[in-house]
Amino acid sequence: MRFGREAFFAMNTGEVCLDKNENPFDLPPSPREEIRDLLSTITLNRYPEPEYRSLREALAGYVNVDASQLIVGNGGDEILFLCFLAFVKPGDVVLRLHPSFSQYSHLIRVFGAREKTVPVELDSRQGMFRIDEEALLDAVAASSPKLVLLDSPNNPTGFSMGPEFLARLARLSPCPVVLDEAYIEFGGQSVLDIFKKEGFPRHVLVLRTLSKAWGLAGIRLGYSVSGEKICKALNDVRGPFNVNVLTQEIAKILLHYREWMESRVYSIRYMRDRFVESMARIPGWEAFPSDGNFVLLRTTAEERFARSLFERAGIRVKFLSDLPWEGTWLRITVGREEDMRAVLDECSQACVGGEEEHSLSTSALA
Ligand code: PMP
């Protein structure tokens with residue numbers, strides 16, 4: 001086998017999965033034992049308690065807000081779906097950044113809404129992404145949106161917006177604003193601290209998930225933190241039993257292991273930053289600093305060639321063909337050390353061996 005025993009293999013395929021921004025670390029033995037005990041005692045013939053009181057208390061303890069401010073969902077995806085159900089009708093304008101989380105444009109299509117986008121800007125000289133804050137505020141005011149979706153850290157660029165700016169935007173917005181903090185444990189600053197001090201603007205909802213930092217993508221649990229009005233609007237459209245009992249109980253167990261989560265997050269951030277530094281030494285490739293558990297890469301290699309490179313190596317990554325900037329773009333989830341070493345190996349081999357053979361040129365990135 002090419003990579004270490006610990007490498008992050010896809011189930012049954014032997015591939016290294018770096019395409020979905022999952023956490024590469026599985027659960028340690030102690031909560032696993034608790035889950036085993038849980039399975040032998042849990043009541044499964046009853047529906048979940050529809051208010052999710054104890055789960056919301058546990059999550060509220062983690063984010064340090066009142067449990068009444070939380071709504072839980074089958075992943076952050078369901079919370080987004082509920083926002084569309086509650087606030088968007090066919091033909092309405094929904095505002096998002098471009099690029100942003102792919103589910104946003106999917107939901108905009110499914111609900112027959114009209115999309116308005118504000119471009120994320122690439123500062124090629126500084127090698128970083130940013131947003132024109134005034135242009136975003138203007139777009140919120142001028143396009144009469146019914147919903148605004150802002151992911152910060154942004155997927156896939158990894159750049160974050162400042163919490164003061166986001167809080168200002170949320171206060172000015174005439175419609176509900178989702179501030180999507182799915183990756184906040186990995187970097188950037190949460191807006192929650194501001195809202196906890198100054199109160200929640202009536203239109204804002206902060207979206208979180210246990211899929212990323214907590215490494216629980218498989219149990220599907222997302223939650224939102226908001227004021228009373230948004231909570232009521234989401235509860236009005238939410239199915240009564242939208243989070244199953246197993247998910248609830250497993251989440252409650254894991255939320256006791258905060259130190260474990262934080263140490264894994266620390267390792268991932270460390271690995272991410274070393275990876276970006278190492279990529280900077282490989283000609284023909286550019287890696288952008290990120291606040292998420294993923295890194296956006298650009299190469300001058302043709303997409304076809306870059307794809308075959310990773311396929312051959314058994315590494316799954318996400319290619320992004322709709323980005324507005326020159327070059328071939330791919331997003332790589334930060335995995336374990338051996339995974340990232342394998343990615344670096346592939347990129348350097350492509351650059352050393354492939355210039356003529358694979359039309360890999362470095363001039364466009366200079
Ligand atoms: N927001 C963003 C920005 C994401 O990238 C994702 C998942 N990739 C989600 C929300 C939803 O995550 P989940 O449904 O796993 O909670």
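For ligands, and for the atoms within them, numbers begin at 1 and follow the listed sequence.
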Contact residues of ligand 1, where a non-hydrogen atom lies under 4.0 Å away
Gly75, Gly76, Asp77, Phe101, Asp151, Asn155, Asp180, Ala182, Tyr183, Thr209, Ser211, Lys212, Arg220

Checking one residue: Tyr266. Which other hydrophobic residues are in its cluster under the side-chain 4.5 Å linking rule?
none

The remaining residues in the hydrophobic cluster of Leu80, counting side-chain heavy-atom contacts under 4.5 Å among Ile, Leu, Val, Met, Phe, Trp and Tyr, are Ile71, Ile79, Phe81, Leu82, Phe84, Leu85, Phe87, Val88, Val94, Phe101, Tyr104, Leu107, Ile108, Val110, Phe111, Leu147, Leu149, Val178, Leu205, Leu207, Ile230, Leu234, Val237

Pi-cation contact, Phe200 with Arg202 (under 6.0 Å, within 45°):
no

Aromatic contact, Phe186 with Phe294 (centres under 6.0 Å):
no

Please confirm whether Phe25 and Trp214 have ring centers closer than 6.0 angstrom.
no

List for me each residue that meets side-chain contact (heavy atoms from CB on, under 4.5 Å) alongside Ala182, sequence neighbours excluded, and say none if there are none.
Asp180, Thr209

